[in-house]
Amino acid sequence: MKAHRETLGHWLLQRMTAASLIPTILISNVSTLILLNILLFWHIHVGIEEILTDYVHHEITRNWILILFRVFCLIIIKYVFLFFVF
């Protein structure tokens, strides 16, 4: 039953971030840029995490890929923020 709740939680999070991306993009300005970046990369992260859970069965490999992907997302968020603000 725990796996079902976890899957439902990921599904709901994916839908909520997707739904909140639309109005954030429509009213995007410099003040909503941070929120837009966080929502976009969180949405991408949850999606990639689900794909890795489904297709990478070795737990250590999956965890290393997730750690490296999180670092990559943080670097990209920094560059996107710097590009649009400065």
I need the [X] [atom1] to [Y] [atom2] distance, nearest 0.5 Å.
X   : Y   : atom1 : atom2 : result
H58 : N63 : NE2   : CG    : 10.0 Å
L26 : L21 : CG    : CG    : 10.5 Å
E59 : T53 : CD    : OG1   : 10.0 Å
W42 : N37 : CH2   : CG    : 14.5 Å

Under a single-linkage definition using a 4.5 Å side-chain heavy-atom cutoff for Ile, Leu, Val, Met, Phe, Trp and Tyr, are [X] and [Y] assigned to the same hydrophobic cluster?
X   : Y   : answer
F41 : I25 : yes
I48 : W64 : no
W11 : L13 : no

Closest heavy-atom pair and its distance - [X], [Y]:
X   : Y   : answer
H43 : A18 : CE1-CB, 3.6 Å
D54 : H57 : O-CE1, 3.3 Å
L52 : R62 : O-CD, 3.6 Å
S20 : T17 : OG-O, 3.2 Å

For residues 69-86, tabulate all N or O donor-acceptor pairs below 3.5 Å that involve a side-chain atom, not counting sequence neighbours.
from, atom 1, to, atom 2, distance (Å)
R70, NE, H45, NE2, 3.0

